[in-house]
Amino acid sequence: MASSAISSRDSGEDSSQISLKSVREALIRLEDSIVFSLIERARHPYNAPAYDRLYLKSSGSSLAELFVKEAEHLHAKAGRYENPEEVPFFPEDLPSPLVPSYNYPQVLHPAGASVNITKTIWNMYFNELLPLFTAEGDDGNYASTLASDLVCLQAISRRIHYGKFVAEVKFRGSPLGYSSAINNKDKDALMRMLTFERVEEMVKRRVEKKAMIFGQQVTIEDKEDDNVDCKVNPSVVSRLYGDWIIPLTKLVEVDYLLRRLE
Ligand SMILES: C=C(O[C@@H]1C=C(C(=O)O)C=C[C@H]1O)C(=O)O
């Protein structure tokens with residue numbers, strides 16, 4: 001299954017047409033990336049020096065900031081941020097792509113396309129999430145720890161910013177209803193209109209199950225023991241979604257809709 005609802009190269013379909021079903025399928029596929037990335041990061045303990053600005057004495061930045069900035073420079077050269085689904089954490093001074101441009105389908109409304117909550121995601125990831133799913137301690141492997149952090153951040157950010165596509169589909173499904181709330185700048189009404197509690201409950205239960213299945217020790221022998229030790233705590237993954245990933249996706253949806261008629 002494709003992880004994107006829009007970049008359907010050679011599909012023969014009009015790729016500016018997206019459906020709530022295809023967008024939700026993309027979100028489900030992104031759950032796999034997020035759960036696997038958390039499992040990888042959880043191999044290492046918290047590793048505080050990687051995030052401490054005093055650790056790299058002369059630079060004034062943390063190793064994490066330097067790592068993500070430099071990685072984004074490389075990814076920008078390879079064309080990563082030409083894709084409207086990708087949002088850099090440090091957009092300042094990114095180099096131009098070295099690759100020829102690819103004609104991504106233009107699905108989003110231009111004003112809404114610029115919604116960017118990477119600063120909120122950054123703070124949430126390092127201050128709230130990381131301490132919840134990593135063990136205390138320091139194993140010295142900061143480079144591989146940060147490589148895993150980068151993959152987590154990119155997957156989580158992509159999922160949350162996918163809220164723009166969700167909002168676009170919902171707007172197209174009910175332009176009149178949404179337009180009056182947008183014109184009144186009524187964030188609460190927008191939030192009510194775009195919320196599907198039953199879907200959110202399913203998402204939380206599904207990611208919990210994925211964490212349980214993907215995080216098992218796989219052995220050759222069949223074991224009777226249901227009491228499996230998971231590599232990342234399934235109830236923590238469900239909480240990450242319930243407390244942060246879903247609310248921030250909805251925040252992106254509201255921000256996008258507020259700009260939808262500009
Ligand atoms: C993303 C959607 O919008 C909202 C956010 C959800 C989520 O982040 O998983 C789920 C349902 C909605 O309340 C959607 O409708 O699929």
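Read the numbers this way: they start at 1 and go in the same order the structure lists the ligands and their atoms.
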(Q) Taking Glu201 first and then Lys204, would you say they form a salt bridge - that is, a charged N and a carboxylate O separated by under 4.0 Å? (A)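 Salt bridge between Glu201 and Lys204, a charged N being under 4.0 Å from a carboxylate O: yes.
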Q) Looking at Arg172 and Glu168, does any basic side-chain N land under 4.0 Å from a carboxylate oxygen? A)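 Yes, this pair counts.
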(Q) Is a donor from one side chain sitting under 3.5 angstrom from an acceptor on the other, for Arg159 and Thr249? (A)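 Short answer, yes.
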Q. Listed by chain and number, what are the side chain to side chain contact (heavy atoms under 4.5 Å, CB included) partners of Asn184, not counting sequence neighbours?
A.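 For Asn184 the side chain to side chain contact (heavy atoms under 4.5 Å, CB included) partners, ignoring immediate neighbours, are Asp186.
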Less than 3.5 Å apart, which donor and acceptor atoms pair up between the side chains of residues 234-248 and the rest of the protein, not counting sequence neighbours?
unit_1, atom_1, unit_2, atom_2, d
Ser235, OG, Asn233, OD1, 2.9
Arg239, NE, Asp243, OD2, 3.0

Q. Which other residues belong to the hydrophobic cluster containing Tyr81, where Ile, Leu, Val, Met, Phe, Trp and Tyr are joined when side-chain heavy atoms lie under 4.5 Å apart, directly or via other members?
A.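 Members besides Tyr81, by chain and number: Leu94.
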(Q) With a 4.0 Å heavy-atom cut-off, what residues sit around ligand 1? (A)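 Only Arg24, Leu27, Arg159, Val166, Lys170, Leu194, Thr195, Phe196, Val199, Glu200, Val203, Ile246, Thr249, Lys250, Glu253 have heavy atoms that fall under 4.0 Å of ligand 1, ordered by chain and number.
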